[in-house]
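Working notes, beginning with the structure itself.
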Amino acid sequence: MNLILLGFPGSGKGTQAKAISGRLGLVHISTGDIFREEISRKSPLGLEVSGYISSGKLVPDLVVLKLVRSRIATETKGLLFDGFPRTVEQAQGLDDFFATREQRVDAVLFLHVEENEVVKRLAARRSCAKCGKIYNTITAPPARENVCDVCQGGLILRNDDMPEVIKQRLMVYKDLTEPLLAYYRGNGIFHEIKGDSSPDAITENALAVLKTWSK
Ligand code: ADP
Ligand code: ZN
């Protein structure tokens, strides 16, 4: 099974992707996480993409598609994509690639959260610099301010969660990523779930939707 999670930046995709992939035994592929890792390693790819990311723009489709293809070329398990595809061109690229392997996208889950809620969440988001665990200073704070509960690492505000960059990311989402909903909606694999309940409740809803699908 190959699954795609869609939603505004800050809709909780990353959190749900980790939970759902764990429960279903899927390989979690977050293009955002891969890019951030490349940036922190200062690899050639990291250097190539860091300007786009820190200014809230999308990394060019060809770069993203090349990365994803090489990342999944040797995977034999089911995949869960988080933060990819982000444009219709990326979605077509993925479909074409799957077609060469007689595979397909089996389900698309759209996590629905209102825009004003997303803006609040992104500004309150902190992530552990060491293990990547995500916190929210208002709804899910760590036990000790700015210290990760799991690994004691320091918590950071992502560069691209600065207010001006958040605005830019939301504009880009509406322009380039929202058209994906229509791309997938027509073909019976599209499911919308509400993203405004607790993380655990959302995971259960998602699994329930996918179970119906898999029968
Ligand atoms: P969020 O979903 O919170 O915006 P991500 O971690 O998915 O965060 O992405 C962070 C940034 O990485 C994006 O704003 C974009 O610049 C870049 N990026 C990640 N995935 C893609 C993609 N599929 N296509 C283009 N750019 C991407
Ligand atoms: Zn940590």
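If you're wondering where the values come from, they're calculated on a predicted model, not measured in any experiment. Read the numbers this way: they start at 1 and go in the same order the structure lists the ligands and their atoms. All residue numbers in this chain count up from 1 along the given sequence. Values below: every heavy atom of this structure, side chains too, minus hydrogens, waters and symmetry copies.
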Task: Contact summary for G153 and C128, nearest pair of heavy atoms - done: CA-SG, 4.0 Å
Open item on the list: Can you confirm, on distance only, whether ligand 1 has an N/O atom lying under 3.5 Å from any N/O atom belonging to F35?
Closed with: no
- [ ] Pick one of side chain, backbone, both or neither for how D61 approaches ligand 1, counting any non-hydrogen atom pair under 4.0 Å.
- [x] neither
TODO: Determine the minimum heavy-atom distance between S197 and I202, stating which atoms define it.
DONE: O-CD1, 3.3 Å
Task: Close N or O approach (R158, ligand 1; < 3.5 Å) - done: yes
Task: Atoms in ligand 1 with a heavy atom of K57 nearer than 4.0 Å - done: 15 (C), 16 (O)
TODO: Find all atoms of ligand 1 within a distance of less than 4.0 Å from any non-hydrogen atom belonging to D160, and give their numbers and elements.
DONE: 10 (C)
Open item on the list: Are more than 12 heavy atoms, taken from residues, nucleotides or ligands other than Y52, located less than 6.0 Å from that residue's OH atom?
Closed with: no
Task: Parallel, tilted or perpendicular, as decided by the 30° and 60° cut-offs, for the rings of F110 and H112 - done: perpendicular
Open item on the list: Surrounding CG of L181 (heavy atoms of other residues, nucleotides or ligands, distance under 6.0 Å), is the total greater than 12?
Closed with: yes
Open item on the list: Students should be able to answer this: which protein heavy-atom is nearest to atom 26 (N) of ligand 1, and at what distance?
Closed with: V59 N, 3.0 Å
Task: Residue pair D161, R169: steps toward the salt bridge (charged side-chain N to carboxylate O under 4.0 Å, His left out) verdict - done: CA-CA 9 Å; D161 285 343; R169 284 162 64 206; 2.8 Å; yes
Open item on the list: Using a 4.0 Å cut-off to any heavy atom of F84, which atoms of ligand 1 qualify?
Closed with: 23 (N)
Task: L58 N/O under 3.5 Å from ligand 1 N/O - done: no
Open item on the list: Only to 10 degrees, please: what angle do the SG atom of C131 and the SG atom of C151 make about the Zn ion (ligand 2)?
Closed with: 120°
Task: Shortest non-hydrogen separation from L122 to L157 and the atoms involved - done: O-CD1, 4.4 Å
Task: Presence of salt bridge, K211 and E204, under 4.0 angstrom - done: no
TODO: May I ask which of R86, E89, R121, Q90 has a heavy atom nearer to atom 5 (P) of ligand 1 than the others do?
DONE: R86
Task: R125 contact mode with ligand 1 (heavy-atom cut-off under 4.0 Å) - done: side chain
Task: ligand 1 N/O within reach of R36 N/O, cut-off under 3.5 Å - done: yes
Open item on the list: Checking contacts here: is it the side chain or the backbone of R169 that comes within 4.0 Å of ligand 1, counting heavy atoms only? Could be both or neither.
Closed with: side chain
Task: Residue, atom name and distance, where the atom is the protein heavy atom closest to atom 2 (O) of ligand 1 - done: K13 NZ, 3.2 Å
Open item on the list: Looking only at distances, can you tell me whether any N or O atom of D33, backbone or side chain, sits closer than 3.5 Å to an N or O atom of ligand 1?
Closed with: no
Open item on the list: Same cluster or not: V88 versus V172, using hydrophobic residues (I, L, V, M, F, W, Y) connected whenever any side-chain heavy atoms lie under 4.5 Å apart?
Closed with: no
TODO: Supply the atom-to-atom distance N205 CG to D200 CG, rounded to the nearest 0.5 angstrom.
DONE: 11.0 Å
TODO: In plain terms, say whether K120 and E114 are close enough for a salt bridge, that is, a side-chain N and a carboxylate O under 4.0 Å apart.
DONE: no
Task: I53 contact mode with ligand 1 (heavy-atom cut-off under 4.0 Å) - done: both
Task: Protein contact of atom 20 (N) of ligand 1 - nearest heavy atom, named by residue and atom, plus distance - done: T31 OG1, 2.7 Å
